[in-house]
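Heads up: the structure comes next, in C-alpha cells.
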Amino acid sequence: MLTQRQVVDYSLQRRALLAEVYSGRTGTMEVCDASPYLLRAAKFHGTPTDVTCPVCRKEPLTHVSWVYGDELKHAAGSARTTEELARMANLFEEFTVYVVEVCRTCSWNHLVQSYVLGTRGVDKPRRRTAAE
C-alpha cells in the first residue's frame with residue numbers, strides 16, 4: 001500500500017520463541033493459545049499464506065490484520081481484510097495495523113508485523129485550474 005510506513009517486523013522475536021519451543025524450554029500449550037475471537041477472525045477476515053504452521057506442521061498459517069487508532073472509534077480493535085485496509089487508508093488520517101499469524105488447527109499465533117496507514121503526510125493531488 002502506498003501509505004504504509006513505520007513498519008516493524010517481529011521475525012527475530014518469532015524465531016527466538018520457536019527456538020524455545022523446539023528445545024523444550026517452552027511448552028506448546030504456552031504458545032498455542034489463540035482466543036476463539038482470533039480464530040474466528042482468521043476464518044472470516046484472514047488471508048491464507050503459503051507458510052506451514054511451525055508448531056503442528058499440519059496447515060498453512062493465516063494472517064489476520066487488526067486495526068487500532070483514535071480516529072477509528074468503534075472500528076478500533078477489529079479485524080479487517082486487505083481490501084478494507086486499502087479503503088480505510090484513504091478515509092482516515094492515521095491508524096495502526098497489527099498483522100498476526102494464526103494456525104486454525106493448533107491455535108499457534110504470533111505478531112508478525114505492525115505498520116501505520118492513513119492519509120497523514122501524504123501529498124494530496126492539487127486541483128488544477130482552468131487556466132493551467
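One is the number of the first residue; the rest follow in order along the sequence.
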[X] to [Y] - nearest heavy-atom pair and separation:
X     : Y      : value
Glu30 : Thr26  : OE1-CG2, 3.8 Å
Thr49 : Thr62  : OG1-N, 4.5 Å
Ser78 : Arg80  : OG-NE, 3.1 Å
Arg5  : Gly118 : NH1-O, 3.3 Å

[X]: what forms a ring-ring contact (aromatic ring centres under 6.0 Å, His included) with it, not counting sequence neighbours?
X     : value
Phe44 : none
His63 : none
Phe92 : none
Tyr22 : none

Let me confirm one number: the [atom1]-[atom2] distance from [X] to [Y], rounded to the nearest 0.5 Å.
X      : Y     : atom1 : atom2 : value
Glu93  : Leu72 : CD    : CG    : 12.0 Å
Lys43  : Leu38 : NZ    : CG    : 14.0 Å
Asn109 : Asp33 : CG    : CG    : 5.0 Å
Thr105 : Glu59 : OG1   : CD    : 3.5 Å
Arg104 : Cys53 : CZ    : SG    : 13.0 Å
Glu20  : Arg25 : CD    : CZ    : 4.0 Å

Classify the ring geometry between Tyr68 and Tyr98 as parallel (under 30°), tilted (30 to 60°) or perpendicular (over 60°).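 Rings of Tyr68 and Tyr98: perpendicular, over 60°.
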I want to check something: taking the side chain as every heavy atom from C-beta on, are [X] and [Y] in contact at a cut-off of under 4.5 Å?
X      : Y      : value
Met88  : Leu117 : no
Gln4   : Gln113 : yes
Pro54  : Arg14  : yes
Cys106 : Cys32  : yes

Can [Y] be reached from [X] by stepping across I, L, V, M, F, W or Y side chains whose heavy atoms are under 4.5 Å apart?
X     : Y      : answer
Tyr37 : Leu111 : yes
Tyr10 : Val64  : yes
Val31 : Leu61  : yes
Trp66 : Leu91  : no
Val7  : Phe95  : yes

With a 3.5 Å distance limit and no angle check, can you tell me whether Ser65 reaches the backbone of Val97 through a side-chain donor-acceptor pair?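 Absent.
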Say whether, by atom type as modelled, one donor and one acceptor occur between the side chain of Glu84 and the main chain of Thr81 under 3.5 angstrom.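 Answer holds: yes.
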For Leu39, which residues count as a side chain to side chain contact (heavy atoms under 4.5 Å, CB included) partner, sequence neighbours excluded?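 Per chain and number, Leu39 pairs via side chain to side chain contact (heavy atoms under 4.5 Å, CB included) with Ala34, Val102, Ser107.
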Residues two or more places apart in sequence or in another chain: which of them pass side chain to side chain donor-acceptor pair (under 3.5 Å) with Glu71?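 Glu71 satisfies side chain to side chain donor-acceptor pair (under 3.5 Å) with no residue once adjacent residues are dropped.
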